Amino acid sequence: MIRVAVAGAAGRMGRLIIKNVVEDKELELAQAFDVREVGKDAGELAGVGKTGVSVIHASEMEEKLDADVLVDFTTASAAVENIRIASQKGVKLVVGTTGFTEEQKKQIEEYCKAVPAVVSPNFSVGVNVFWKLLEAAASYLSNYDVEIVEIHHRFKRDAPSGTAVKAAEVIKSVIGEREVVTGRSGECPRSDEIGVFAVRGGDVVGEHTVFFIGMGERVEITHRAWSRQAFAGGAIKAVKWIAGINKPGIYGMADVLGL
Ligand SMILES: NC(=O)C1=CN([C@@H]2O[C@H](COP(=O)(O)OP(=O)(O)OC[C@H]3O[C@@H](n4cnc5c(N)ncnc54)[C@H](OP(=O)(O)O)[C@@H]3O)[C@@H](O)[C@H]2O)C=CC1
Ligand SMILES: O=C(O)C1=N[C@H](C(=O)O)C[C@H](O)C1
């Protein structure tokens, strides 16, 4: 049995991860951390009945974390701290949190020199294939203008999405460095840049479209998620995969899926 701790246990993704863990015979829910719903039964929060695992306040993680793998879907600053604690305790990591600054990314790289970690802004199989499709499209359409539009629910805290940021990185790795522009207003003639735009509203789970725009035509590549289970299912695959990895460092979902 792989003993799994969940950080962000009271959140949209955390609850779903708990449900997936509880329903999986290879996994055991070891611990649940959050800053809200503290003391409540994690299984009841996730709608799968009593588990006997109560939500522990995140401030106690340093003292209490004890698991094989910590799954983190929290906020950028919380995740950096959780990763620090897990790496010091030799607890492997699956990190889905997004919105990291460049400085925070460097900190995470440093901490993950001590422990194996899957870190991905999107765990869905479809999005990981979408990134591969972008690589191919960018290699054929390297002189086309690239624009990215993402749409998410009104509660999302970070913008642009981690998935869109990674899409821009994937494209830049093929066509070369470009400035990323996240808004336009006033006089702003287009140069060799990648536009990345965030739309927020309602309960949209997550949609990304990349436009490769030429003269007289355009190609659009879109991924739409309408259930968070697409992300949770991938995160569970990552948990099982990282449990068998002993070499410290940061891995991606492409490693997990063999893409
Ligand atoms: N990689 C992927 O496939 C996906 C990634 N995400 C990302 O995952 C993250 C979470 O998303 P979502 O579940 O929708 O967000 P939620 O806001 O629903 O959940 C986050 C939870 O973490 C809590 N939290 C805050 N600080 C800590 C801490 N130090 N330790 C433990 N828990 C803490 C929050 O409490 P409070 O609200 O009080 O701060 C909240 O309950 C986001 O960054 C999102 O972009 C989302 C979906 C898929
Ligand atoms: O916050 C979300 O909901 C999501 N966040 C991730 C991101 O920022 O890319 C992944 C997914 O699109 C849902």
Side-chain angles (χ1 to χ4, degrees), residues 5-20 31-38 40 42 45-46 55-62 64-65 70-86 93-101 104 108 117-128 130-131 148-170 196 198-210 222-239 252-254 256-257:
V6 178
R12 282 172 288 274
M13 282 304 299
R15 289 176 200 235
L16 193 53
I17 296 293
I18 289 168
K19 177 175 187 290
N20 276 257
Q31 291 179 315
F33 295 92
D34 207 292
V35 291
R36 53 169 80 196
E37 309 288 9
V38 173
K40 295 210 176 138
L45 266 184
V55 177
I56 302 171
H57 196 279
S59 59
E60 295 183 62
M61 189 187 284
E62 181 119 46
K64 295 194 173 158
L65 178 63
L70 174 68
V71 180
D72 187 289
F73 284 90
T74 58
T75 64
S77 54
V80 173
E81 177 64 0
N82 296 343
I83 292 166
R84 180 189 70 74
I85 295 169
L93 282 153
V94 168
V95 179
T97 303
T98 57
F100 297 117
T101 62
Q104 287 172 327
I108 292 171
V118 182
V119 181
S120 178
N122 202 308
F123 281 105
S124 91
V125 174
V127 159
N128 282 273
F130 165 82
W131 286 325
I148 302 174
V149 177
E150 55 98 336
I151 312 181
H152 284 86
H153 50 96
R154 63 182 291 115
F155 308 104
K156 185 162 175 60
R157 298 185 204 195
D158 57 314
S161 70
T163 307
V165 171
K166 169 127 186 194
E169 280 164 8
V170 164
V196 184
V199 180
R200 294 285 176 268
D203 62 352
V204 179
V205 170
E207 303 190 359
H208 295 84
T209 296
V210 178
T222 295
H223 176 272
R224 290 196 180 95
W226 59 86
S227 165
R228 289 188 176 83
Q229 185 55 38
F231 313 130
I236 295 297
K237 280 193 178 79
V239 167
M253 270 308 274
V256 175
L257 299 171

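In what follows, residues are counted from 1 in the order of the sequence shown. Whatever order the structure lists them in is the order used to number ligands and atoms, beginning at 1. Note that the structure is a prediction, hence the values are computed from the model and not measured.
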Under 4.0 Å from any heavy atom of G8, which atoms of ligand 1 are there? 21 (C), 22 (O), 31 (C), 32 (N)

Within the 4.5 Å heavy-atom criterion, are V71 and V239 side-chain neighbours or not? yes

With the side chain counted from C-beta on, respond yes when L45 and I18 share a heavy-atom pair under 4.5 Å apart, and no when they do not. no

Can you spot which of T74, L65, V6, N82 makes a side-chain contact (heavy atoms from CB on, under 4.5 Å) with F33? L65

What are the atoms of ligand 1, with element, lying closer than 4.0 Å to any heavy atom of D158? 45 (O)

For ligand 1, does S161 get within less than 4.0 Å through its side chain, its backbone, both, or neither, judged by non-hydrogen atoms? neither

One finds that the ligand 2 atoms under 4.0 Å from a non-hydrogen atom of V205 are 3 (O), 13 (C)

Can any side-chain N or O of N122 pair as donor or acceptor with the backbone N or O of T163 at less than 3.5 Å? no

Which ligand 1 atoms, with their elements, are less than 4.0 angstrom from a heavy-atom of M13? 13 (O), 46 (C), 47 (C)

Given that the side chain starts at C-beta and the backbone is N, CA, C, O, which of these parts of R157 lies under 4.0 Å from ligand 1, counting heavy atoms, or is it both or neither? side chain

Do ligand 1 and P121 have nitrogen or oxygen atoms that lie under 3.5 Å from each other? yes

Can any side-chain N or O of N128 pair as donor or acceptor with the backbone N or O of G234 at less than 3.5 Å? no

If you count the atoms of ligand 2 from 1 in the order shown, which ones are under 4.0 Å from a heavy atom of S161? 7 (C), 8 (O), 9 (O)

Please step through salt bridge (charged side-chain N to carboxylate O under 4.0 Å, His left out) for the pair E169 and K166, ending with a clear verdict. CA-CA 5 Å; E169 280 164 8; K166 169 127 186 194; over 6 Å; no

Find out whether I83 and L93 are in side-chain contact, i.e. whether some heavy atom of one side chain is under 4.5 Å from a heavy atom of the other. yes

Any atoms of ligand 2 less than 4.0 Å from a non-hydrogen atom of H152? List them with their elements. 2 (C), 3 (O), 4 (C), 11 (C), 12 (O), 13 (C)

Which ligand 2 atoms, with their elements, are less than 4.0 angstrom from a heavy-atom of T163? 7 (C), 9 (O), 10 (C), 12 (O)

Which atoms of ligand 1 are found less than 4.0 Å from any heavy atom of G96? 1 (N), 2 (C), 4 (C), 5 (C), 6 (N), 7 (C), 8 (O)

Taking atom 40 (C) of ligand 1 as the point of reference, which of I56, D72, I85, D34 owns the nearest heavy atom? D34

Please confirm whether F155 comes under 4.0 Å of ligand 2, counting heavy atoms of the residue only. no

Taking 4.0 angstrom as the limit and counting only heavy atoms of N122, give me the atoms of ligand 2 inside it, by number and element. 10 (C), 11 (C), 12 (O)

Using non-hydrogen atoms of the residue, decide whether R157 is closer than 4.0 angstrom to ligand 2. no

Just so I know, are the side chains of Q229 and L16 near enough to count as touching, which here means a heavy-atom distance under 4.5 Å? yes

Ligand 1 atoms in contact with N82 (distance to a heavy atom under 4.0 Å): 30 (N)

Has ligand 1 got any nitrogen or oxygen that is less than 3.5 angstrom from a nitrogen or oxygen of F123? yes

Are any of the heavy atoms in V165 under 4.0 Å away from ligand 2? no

R12-ligand 1 polar pair, N/O distance under 3.5 Å: yes

Nearest neighbour in protein (non-hydrogen) for atom 10 (C) of ligand 2: P121 O, 3.4 Å

Per-atom contacts of ligand 1 with A58, taking only distances under 4.0 Å to non-hydrogen atoms: 28 (C), 29 (N), 30 (N), 31 (C)

Hey, which atoms in ligand 1 end up nearer than 4.0 Å to a heavy atom of T97? 8 (O), 43 (O)

Part of F73 with heavy atoms under 4.0 Å of ligand 1, whether side chain, backbone, both or neither: both

So does E207 get a backbone contact from the side chain of E150, meaning a donor-acceptor N/O pair under 3.5 Å? no

I want to know if ligand 1 touches T75 in the polar sense, i.e. an N/O pair below 3.5 angstrom. no

Any heavy atom of K156 under 4.0 Å from ligand 1? The part involved is side chain

Donor-acceptor pair, distance only, cut-off 3.5 Å: does the side chain of R15 make one with the backbone of A10? yes

Under 4.0 Å from a heavy atom of H153: give me the atoms of ligand 2 that qualify, with their elements. 1 (O), 2 (C), 3 (O)

Taking side chain as C-beta onward, heavy atoms only, is S124 less than 4.5 Å from M253? no

Starting from atom 5 (N) of ligand 2, which protein heavy atom do you reach first, and at what distance in Å? K156 NZ, 3.1 Å

Closer than 3.5 angstrom, by distance alone: can the side chain of H153 be matched with the main-chain N or O of K156 as a donor-acceptor pair? yes

Counting from 1 in the order shown, the ligand 2 atoms closer than 4.0 Å to a non-hydrogen atom of H208 are 12 (O)

With distance as the sole criterion, is a donor-acceptor pair present between the side chains of H152 and S161 under 3.5 Å? no

Mark up the atoms of ligand 2 that fall under 4.0 Å of a heavy atom belonging to G162, in ascending order. 7 (C), 8 (O), 9 (O)

